[in-house]
Amino acid sequence: MGVVTVGELKTSISGKRSFRPSSTIRHAATEWPISDVSSDVTIEIGASSFALHKFPLVSRSGRIRRLLIEAKDATISRMNLSLIPGGPEAFELAAKFCYGINIEITLSNVAMLRCAAHFLEMTEEFVQKNLEARTEAYLKDTVLPNISNSISVLHRCECLSPVSEEINLVNRLINAIANNACKEQLASGLLKLDHNFPMKTMPNIEPETPSDWWGKSLSVLNLEFFQRVLTAVKSKGLKQDMISKILINYTHNSLQGLVIRDPHIVRGSLLDMELQKKQRVIVEAMVSLLPTQSRRSSVPMAFLSSLLKTAIASSASTSCRSDLERRIGLLLDQAILEDILIPANSYGNNHGTMYDTESILRIFSIFLNLDEDDDEDNRMRDESEMAYDFDSPGSPKQSSILKVSKLLDTYLAEIALDTNLLPSKFIALAELLPDHAWIISDGLYRAVDIFLKVHPNIKDSERYRLCKTIDCQKLSQEACSHAAQNERLPVQMAVQVLYFEQIRLRSAMNGGHNQFFFGTINSQFPQRSSSGAGSGAISPRDNYASVRRENRELKLEVARMRMRLTDLEKDHVSMKQELDQ
């Protein structure tokens, strides 16, 4: 806070202190103008009017002086200054300054007074230490060196346009915020560096102030000013993780008040459409400010997901949604189920599905089609290393795709419960990943089984195509047992399951040599053991007897399946004959 002292009162206007206001708005209790002389000019500002004296006004205001000189009537007694920035409040403070009354310059009024001083032309040309110089001194000493103060004053400039732009006040404040933020970042880094050197002991060091403490105060700014500030701090080199935190905080505060809490608001009503428009503007602006896309992006997956959900709900532009889908696709191996459960937009949703599967299909496709040139971390890798990515079980890409396959399994199991989901949509997602994405297909089998249970009336061709997505060779023994007795599956798949199970048992009987499938799988998943004891606790004789018993049961099951298949073939022939008749 600063107090402007304007010195002694002029003798020409001194006298008995009395207050004779003619304003329609009641002003401060301080009595002024201090004079027994009747007012000779009335200043009108909107609905307010001030009965004042020409002499103290023209002694400090070039604009009022010029208007009086240019007036044809030398006895002009009324003047309209409705365009003054800050309105009656700003003019009252400026008029008090003209009368020599002490006024306090604060963070809440310095922008208003600076703009009013420019409008009234209260410069050094008329008197030293005029209002313009006083406000400039306050800005330089108190506002510009401090981030928080600069943000507070910038917020006040939102209602002072266009004058605040004309005098370059807005740009100066934005540049001050950006410069101070980067200086603080540098100072914080140097403090860490010094603290980490063992040769420099720093006793009684205070806990480090979070370097983003000022970021929360940016939420008071309107969208235009916030965009300009963030663009400035990015150009000055503020770290991307800091930018992400600022974006998350601003987005949360901006969208929080736009959530419809009244259930009686009709979808598609004017209020609903207005809220959607505000959401759309905010989301599109936030997406345009996101840091550069990267597989090591500092933007959390949860934040990207919430932006995409809002973008879809508010019908944001295609480019905005595509940008978010690509960012999520780059980080898909970091996602959890909640991140990709994106509700469908009720507008234009002809089938009434619960979730937006089209967006998820594109996101998974982006992950599968990642171009190495887009990943800065992989630019230095040679061609042989890039070719090895997906083929090696221990490679980063293989590890990522295994995570994504598990994510897809849980997602498919969730959306399978939607009775309005078309089989073609589900099949497109189930067929999306390559075969090597799964080590075990139990999760996919479970999702398919749930879909078949919820959608019992799908076509046989769709049922067959859906089950083809499951690699029977990668089913666990428990899943194989369930599939062999699952009447929802096509008979061909049940037979295939039994066939591969029999091959696995034969391989086990041969002592594990020439294992066709599960040898490497079991070694990577030790938790899938056939008993609670370790393998060394089972004697070869007991193991052989167990395998023979399982083999007999399997043969009986195969025989039952063949009988079922024969019955189905007979039914098929009889139905065909009936149709021919």
Side-chain angles (χ1 to χ4, degrees), residues 393 398 401-413 416 430 433-453 463-464 466-565:
Q398 180 66 12
I401 202 169
L402 290 176
K403 292 178 183 177
V404 170
S405 68
K406 292 179 182 178
L407 179 65
L408 180 61
D409 290 345
T410 55
Y411 179 75
L412 289 173
L433 296 184
D435 292 339
H436 64 260
W438 284 278
I439 292 180
I440 292 182
S441 298
D442 287 15
L444 181 59
Y445 167 71
R446 175 175 172 271
V448 169
D449 187 44
I450 293 172
F451 186 84
L452 293 175
K453 188 175 182 179
R463 187 186 303 269
Y464 178 74
L466 187 57
C467 292
K468 274 186 67 178
T469 62
I470 303 170
D471 188 347
C472 298
Q473 302 178 36
K474 296 181 180 179
L475 290 176
S476 67
Q477 187 173 350
E478 294 78 11
C480 284
S481 301
H482 186 277
Q485 304 173 45
N486 191 344
E487 296 183 354
R488 289 184 288 272
L489 302 180
V491 176
Q492 298 94 319
M493 181 178 176
V495 172
Q496 191 179 32
V497 168
L498 292 171
Y499 172 72
F500 287 124
E501 184 70 3
Q502 188 176 34
I503 292 179
R504 189 188 71 158
L505 290 173
R506 285 178 181 175
S507 176
M509 290 174 63
N510 292 333
H513 299 294
N514 192 28
Q515 292 186 1
F516 192 58
F517 315 108
F518 292 91
T520 57
I521 297 173
N522 288 334
S523 66
Q524 295 185 39
F525 290 85
Q527 70 273 18
R528 286 186 52 229
S529 57
S530 58
S531 69
S535 58
I538 302 176
S539 67
R541 179 179 296 178
D542 291 340
N543 187 44
Y544 180 72
S546 175
V547 170
R548 287 192 62 185
R549 184 168 57 254
E550 291 179 3
N551 198 21
R552 283 197 301 271
E553 293 174 356
L554 185 59
K555 287 179 179 179
L556 290 173
E557 188 63 33
V558 170
R560 284 196 292 268
M561 295 303 301
R562 285 175 178 168
M563 292 176 63
R564 282 179 59 190
L565 184 60

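No hydrogens, no waters, no symmetry mates; every other heavy atom, side chains included, goes into these values.
- Remark: Ala437 engages Ile401, Ser405, Leu433, Pro434 in a side-chain contact (heavy atoms from CB on, under 4.5 Å) (not counting sequence neighbours).
- Among all heavy-atom pairs drawn from Ala447 and Ala413, the shortest one is CB-N, 3.5 Å.
- Under a 4.0 Å N-O distance rule, the pair Asp449/Arg488 qualifies as a salt bridge.
- Residues Leu489 and Ala483 come closest through the heavy atom pair CD1-O, 3.6 Å.
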- Message: Using side-chain contact (heavy atoms from CB on, under 4.5 Å), reason through Cys467 and Leu452 one step at a time and then give a plain yes or no.
- Response: CA-CA 10 Å; Cys467 292; Leu452 293 175; 4.2 Å; yes
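- Trp438 pairs with exactly one of Leu408, Leu402, Thr469 by the side-chain contact (heavy atoms from CB on, under 4.5 Å) rule, that one being Leu408.
- Here the NE2 atom belonging to His436 is positioned 13.0 Å from the CG atom belonging to Asp471, to the nearest 0.5 angstrom.
- Once rounded to the nearest 0.5 Å, the distance linking NZ of Lys474 with SG of Cys480 reads 13.5 Å.
- For Ala430 against Leu444, the heavy-atom pair with the smallest separation is CB-CD1, 4.3 Å.
- In this structure, a donor-acceptor pair under 3.5 Å is present between the side chains of Asp442 and Ser476.
- The CG atom of Leu407 sits 11.5 Å away from atom NZ of Lys403, with the distance rounded to the nearest 0.5 Å.
- With rounding to the nearest 0.5 Å, the separation of CZ in Arg446 from CD1 in Ile470 is 13.0 Å.
- Every residue two or more places apart in sequence or in another chain that forms a ring-ring contact (aromatic ring centres under 6.0 Å, His included) with Tyr445 is listed here: His482.
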